[in-house]
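Single-structure report; data block below.
Note that the structure is predicted; figures quoted are calculated from it, not measured.
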Amino acid sequence: MSEEKKYEINVSVRTAYLPDQSDEESDQHVFAYTITIANKGTVASQLISRHWIITNGDGTVHEVRGLGVVGEQPLLKPGDTFEYTSGTVISAAVGSMKGSYQMAAEDGVHFDVPIPEFMLTVPRVLH
């Protein structure tokens, strides 16, 4: 079996704009994002840390690094999934997020899992 298949982690994202928590007049746009992480490989792996790159529509970039996600460092056995919801505030009606998770496999291998870029858009801003 190839090394790639041993350490295969899939990441999918759903986003939601939270108008009741946002203040558009002050350019504070709040978004929730739900991430599903699935271990499609053959080795149990633990999510150790995260790195986010958050870009506002005006080009401002903010990076966030930290241990785990939502206070957890989940261990995903082959076939397991882990889902969590978190949020971010951006100062433009449009932005994006991307990043990576740093993983430690049960066999001692450390690897990064890319988080594909996703858009954060206030409804009715983009057509």
Given Glu83 and Thr34, is the side chain to side chain contact (heavy atoms under 4.5 Å, CB included) satisfied, shown in steps? CA-CA 7 Å; Glu83 184 174 274; Thr34 300; 3.5 Å; yes
Full working for side chain to side chain contact (heavy atoms under 4.5 Å, CB included) between Lys6 and Asp107: CA-CA 10 Å; Lys6 285 175 73 173; Asp107 62 5; 3.7 Å; yes
Decide side chain to side chain contact (heavy atoms under 4.5 Å, CB included) for Ser86 and Val69; before the verdict, give the C-alpha distance in whole Å, the side-chain angles of both, and the deciding distance to 0.1 Å. CA-CA 9 Å; Ser86 190; Val69 290; over 6 Å; no
Go through it in stages, so that I can follow the logic: the residues are Tyr101 and Ile9, the test is side chain to side chain contact (heavy atoms under 4.5 Å, CB included), and I'd like the CA-CA distance, side-chain angles, deciding distance and then a yes or no. CA-CA 10 Å; Tyr101 294 122; Ile9 307 290; over 6 Å; no
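Side-chain contact check for Pro114 versus Val11: every heavy-atom pair is 4.5 Å or farther apart.
Linking ILVMFWY residues whenever their side-chain heavy atoms come closer than 4.5 Å, directly or via other members, places Val43 and Val109 in the same cluster. By the rule that hydrophobic residues join a cluster once side-chain heavy atoms approach within less than 4.5 Å of another member, Val113 and Phe82 end up as members of one cluster. Each of Val89 and Ile35 belongs to its own hydrophobic cluster when Ile, Leu, Val, Met, Phe, Trp and Tyr are linked at side-chain heavy-atom distances under 4.5 angstrom. When the side chains of ILVMFWY residues are joined at heavy-atom separations under 4.5 Å, either directly or via intervening members, Ile54 and Val70 end up in a single hydrophobic cluster.
Asn39 places a side-chain N or O within 3.5 Å of a backbone atom of Leu76 that can act as its donor or acceptor partner. Not one N or O on the side chain of Arg50 forms a donor-acceptor pair closer than 3.5 Å with the backbone of Ser100. Remark: the backbone N or O of His51 is not paired with any side-chain donor or acceptor of Glu63 at under 3.5 angstrom.
The heavy-atom pair separating Pro78 from Ala44 by the smallest distance is CD-N, 3.8 Å. Across all their heavy atoms, Ser91 and Asp58 have their closest contact at OG-OD2, 4.3 Å. Shortest non-hydrogen contact noted between Ser22 and Leu18 is OG-O, 2.8 Å. Contact between Ser96 and Met119 at its shortest, heavy atoms only, is CB-SD, 4.0 Å.
Around atom CD of Glu117, more than 12 heavy atoms belonging to other residues, nucleotides or ligands sit under 6.0 Å away.
From Tyr17, atom OH reaches atom CZ of Arg124 across 9.0 Å, with rounding to the nearest 0.5 Å. Between Thr36 atom OG1 and Arg14 atom CZ the span is 5.5 Å, to the nearest 0.5 Å. Rounded to the nearest 0.5 angstrom, Glu25 CD and Asp27 CG are separated by 10.0 Å. Within the model, atoms CG of Asn56 and CG of Leu120 stand 9.0 Å from one another, a figure rounded to the nearest 0.5 Å. Atom CG of Leu75 is separated from atom CE of Met103 by 8.5 Å, given to the nearest 0.5 angstrom. Going from atom CD of Gln28 over to atom CD of Gln21 covers 12.5 Å, rounded to the nearest 0.5 Å.
Gln102 and His110 share no side-chain donor-acceptor pair at under 3.5 Å.
Aromatic ring pairs are classed by plane angle as parallel below 30°, tilted from 30° to 60° and perpendicular above 60°; the pair Trp52 and Phe118 is perpendicular. Taking the six-membered ring for Trp and thresholds of 30 and 60 degrees, Tyr84 and Tyr33 have ring planes more than 60 degrees apart, a perpendicular arrangement.
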